[in-house]
Protein chains: 2
Amino acid sequence: MTVDADRAVARKAQIFEAAAAVFARLGYHHARMDDVVRAAGVSKGGLYWYFRSKEELATGLVHQMLAHEAEAMRAVMTAGAPAADRLRMVVRAFARELAQNPDRAPLALELLALGRTIPEIRTCFDAHHEQFVEHLAVLLAQLGGPDSPAPGPRARTAALAVAAMIDGMVLRWTLARSPFDLEDALWAAVQVLLRGLRETGPR
Amino acid sequence: MTVDADRAVARKAQIFEAAAAVFARLGYHHARMDDVVRAAGVSKGGLYWYFRSKEELATGLVHQMLAHEAEAMRAVMTAGAPAADRLRMVVRAFARELAQNPDRAPLALELLALGRTIPEIRTCFDAHHEQFVEHLAVLLAQLGGPDSPAPGPRARTAALAVAAMIDGMVLRWTLARSPFDLEDALWAAVQVLLRGLRETGPR
DNA sequence: TCGACACGACCGACCAGTCAGTCGAGTGAG
DNA sequence: CTCACTCGACTGACTGGTCGGTCGTGTCGA
């Protein structure tokens, strides 16, 4: 294939980083390819050597971001720790990630909305969400305690609720004028949800 | 001001309706003003008589949609029914609204994302969210039962969680490839949340 | 007759994408 | 060793289509 594939990978990464920053600052539609070019320290032609179009750049960026997140999730899932602790780690990972670069959340929101126009982005988010719920369901089933949701459909329903809770709280945090402590609020809410989930008898 | 203010209001409403449909179908950025013009049965000049720019049209649309929703919320709040029933009504209103026109949710998501570029939209959503949480807090405090969250900060925190739950579930529903029954899932999740909220002793 | 309202052809800024060309690292025949 | 040639990577000035917005011109009710 390429003589030096590593170079290509590095170049792509460099462009992704620049694109993320530019898209985060200006928003996808207002960002000019020339802006990305400038930020990445590449030429216009160089950019188009690696990406066929602006949409492909955005799609690639989504892939990269979600892959990164999936990687983190997989790491948590395979960590040798009690399920309760691993759940806590998931929440903390979200909060830390967003606290460190607050631009990420609005960027993700915009890319998500972009899914309406670019089907592949939608598909990508879709698959990612599906897998996230799947992971959560496993985690919840492993929680232990006699009344933790049983594996199977019940755990999946519970996982959907937890996932929605996380999404919603992150969304609120993203949009809030006076940002609250995301980790605290998120963890508290998830705990409340779990408490409600226990004690759930038939139906 | 206008000789016939009613006519102007009607015209605006007609344009809003068309704009909502076009934006929902094509997405804000892909939608051409000419598309809106065609859909609304107005001329370009007519459209620009009422809206100074595309952004102002979008902003107006956001105002109108949120005002409509706020209206519905106020109606629920002042309804003469037990708090539990009113909460149920809120959930049902969401589910029905979205079931009736499934295009609304993605449209709202896109407009929300547009808030990154158009500050007034962001402000508008912000105020709306704030008020929504406020209403929910009142509702939760009125829920009755000895352990319903007390009015004040505690109710507000609880309300934030409930609001996030609703947002998140709607988001999941919006993006899900195989849409589930939103009303069921939402109500179940809210109930779980409330159950967890009860029994919450000090801290 | 007047002015609010409506019309739609037209303008021109803007920007994604192109393309003709440069550069430097291989390759291999003589 | 070297010269002629290939090829992948990269450059940046340029273009052509696309729309948001304008403007000169009606129309019609009061």
[X] has an atom [atom1]; how far is it from atom [atom2] of [N], in whole Å?
X: A/L57; N: C/dC15; atom1: CG; atom2: P; result: 17 Å
X: A/H30; N: C/dA16; atom1: NE2; atom2: C1'; result: 16 Å
X: B/L47; N: D/dC23; atom1: CG; atom2: P; result: 16 Å
X: B/W49; N: C/dG8; atom1: CH2; atom2: P; result: 17 Å
X: B/K54; N: D/dT22; atom1: NZ; atom2: C1'; result: 17 Å
X: A/Q14; N: D/dC10; atom1: CD; atom2: P; result: 9 Å
X: A/Y48; N: C/dA20; atom1: OH; atom2: C1'; result: 18 Å
X: B/M33; N: C/dC10; atom1: CE; atom2: C1'; result: 17 Å

More than 12 foreign heavy atoms under 6.0 Å from [atom1] of [X]: is that the case here?
X: B/E120; atom1: CD; answer: no
X: B/E17; atom1: CD; answer: no
X: B/R52; atom1: CZ; answer: no

Can you find a side chain N or O atom of A/Y50 that sits less than 4.0 Å from OP1 or OP2 on D/dA9?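 For D/dA9, OP1/OP2 do not have a side-chain N/O of A/Y50 under 4.0 Å.
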Using a 4.0 Å heavy-atom cut-off, does [X] contact any base of the nucleic acid, only the sugar-phosphate backbone, or nothing at all?
X: A/V37; value: nothing
X: A/F51; value: nothing
X: B/K44; value: base
X: A/R11; value: sugar-phosphate

Drop me the distance from B/L160's CG to A/R172's CZ, to the nearest 0.5 angstrom.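 The distance works out to 6.5 Å.
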Counting heavy atoms from C-beta on, name the nucleotide in C/dC5, C/dG17, C/dC15 closest to the side chain of A/R32.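 Among C/dC5, C/dG17, C/dC15, the one nearest the side chain of A/R32 is C/dC15.
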Close aromatic pair by centroid cut-off 6.0 Å: B/F23 and B/F16: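 No, the ring centres sit 6.0 Å or more apart.
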Map A/G45 and A/A31 onto DNA chain C by nearest heavy atom, then report which one ends up closer to the 5' terminus.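 The residue mapped nearer the 5' terminus is A/A31.
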